[in-house]
Amino acid sequence: MALRSAVAAGLCLVLGAVGAAASREVPRAVTLAGNEVAAPADLGARSILVMSFRRAANAGAREWRGLVDGDPRTEGWSVYNVVVLEGAPEFVRRMVVRALRGDVSTARHDSFLVVEEGADAWRRVAGSNGEEEDRADAVFVVRLEDGEVCGRYRGLVSSAALDELLSSSCP
């Protein structure tokens, strides 16, 4: 009986350590230009992430990117689209990346981050529990300053939401 309890306790410790390590996982991606990125270390000091986890959210992400890029308050900021493809079949991933490379100007390839694994780390950045991504409007917009999350928003593109995101105080 004591051995069974010791084994169970040891297993709990191991599983707890694995869970703790996973929660500290660094969000990683590859840009359309082929460069590896670890967030937030490789992002600009002042960054905005426009994240989509489902295909249905891609149109909304494009609208958000247009709003953010067109706002004079974000001049000098690093703006990134984060496209999460984890779970999609390999041929779909290749097709999406090829389409993005064709649609996005070469000058902006380093601002499009493709996530093929490690989506949970990006969900933590977005403030998502995973369930919100099933909605068609599930675009996540995150403001980072010096690697700290200063604001988050989930939903359809909105000037009011961008105003709130840009005016929120940073911890």
Side-chain angles (χ1 to χ4, degrees), residues 15 17-44 46-71 74 77-144 147-159 161-162 165:
L15 291 175
V18 168
S23 70
R24 289 188 303 267
E25 182 183 2
V26 174
R28 298 186 184 283
V30 176
T31 68
L32 287 179
N35 299 313
E36 292 186 24
V37 173
D42 295 337
L43 305 178
R46 296 174 76 192
S47 302
I48 295 179
L49 308 175
V50 179
M51 305 169 76
S52 58
F53 292 87
R54 299 277 188 256
R55 181 178 177 204
N58 290 344
R62 282 191 296 277
E63 290 177 19
W64 263 109
R65 180 67 187 256
L67 179 67
V68 172
D69 283 345
D71 192 302
T74 62
W77 287 60
S78 299
V79 181
Y80 301 92
N81 278 76
V82 181
V83 181
V84 179
L85 300 176
E86 183 176 78
E90 182 64 30
F91 78 93
V92 171
R93 293 178 194 191
R94 286 193 311 268
M95 203 167 55
V96 169
V97 170
R98 190 175 354 192
L100 283 171
R101 283 189 181 127
D103 290 345
V104 176
S105 70
T106 304
R108 291 178 53 178
H109 278 195
D110 272 328
S111 73
F112 277 73
L113 311 180
V114 178
V115 178
E116 293 193 19
E117 56 185 45
D120 285 343
W122 289 99
R123 283 185 184 94
R124 281 190 294 283
V125 172
S128 171
N129 65 9
E131 294 174 18
E132 290 110 351
E133 293 130 32
D134 290 331
R135 295 185 44 170
D137 66 350
V139 177
F140 294 81
V141 185
V142 179
R143 181 179 128 224
L144 299 170
E148 297 293 323
V149 173
C150 297
R152 291 182 174 111
Y153 178 79
R154 179 191 62 81
L156 298 173
V157 66
S158 156
S159 294
L162 182 59
L165 192 67

Check for a donor-acceptor pair, side chain of [X] on one end and backbone N or O of [Y] on the other, with a separation under 3.5 Å.
X      : Y      : answer
Glu86  : Gly118 : yes
Arg152 : Ser128 : no
Asp42  : Ala38  : yes
Trp64  : Ala59  : no
Arg143 : Leu165 : yes
Arg28  : Glu36  : no
His109 : Thr31  : no

Of all the heavy-atom pairs spanning Val115 and Ala29, show the shortest one and how long it is.
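Reported closest heavy-atom pair: CG2-CB, 3.9 Å.
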
How many angstroms lie between atom [atom1] of [X] and atom [atom2] of [Y], to the nearest 0.5 angstrom?
X      : Y      : atom1 : atom2 : answer
Asn81  : Leu113 : CG    : CG    : 8.0 Å
Glu63  : Asn58  : CD    : CG    : 11.5 Å
Leu49  : Arg65  : CG    : CZ    : 10.5 Å
Leu43  : Trp77  : CG    : CH2   : 12.5 Å
Phe112 : Asp103 : CZ    : CG    : 9.0 Å
Ser52  : Arg62  : OG    : CZ    : 9.0 Å

I would like to know whether Val139 and Val157 meet side chain to side chain contact (heavy atoms under 4.5 Å, CB included); could you show each step before the answer?
CA-CA 8 Å; Val139 177; Val157 66; over 6 Å; no

Using a distance-only test with no angle check, is there a side-chain donor-acceptor pair under 3.5 angstrom linking Thr74 and Arg46?
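There is no such pair (donor and acceptor under 3.5 Å, judged by atom type) between the side chains of Thr74 and Arg46.
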
Check the pair Asp69 / Arg108 against side chain to side chain contact (heavy atoms under 4.5 Å, CB included), numbers first and verdict last.
CA-CA 12 Å; Asp69 283 345; Arg108 291 178 53 178; 3.3 Å; yes

Looking at Glu116 and Arg93, is there a salt bridge between them, counting it only when a charged N and a carboxylate O are closer than 4.0 Å?
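Yes, this pair counts.
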
Please report the C-alpha distance between Phe140 and Val50 in whole Å, then the side-chain angles of each, then the deciding distance to 0.1 Å, and finally whether the side chain to side chain contact (heavy atoms under 4.5 Å, CB included) criterion is met.
CA-CA 6 Å; Phe140 294 81; Val50 179; over 6 Å; no

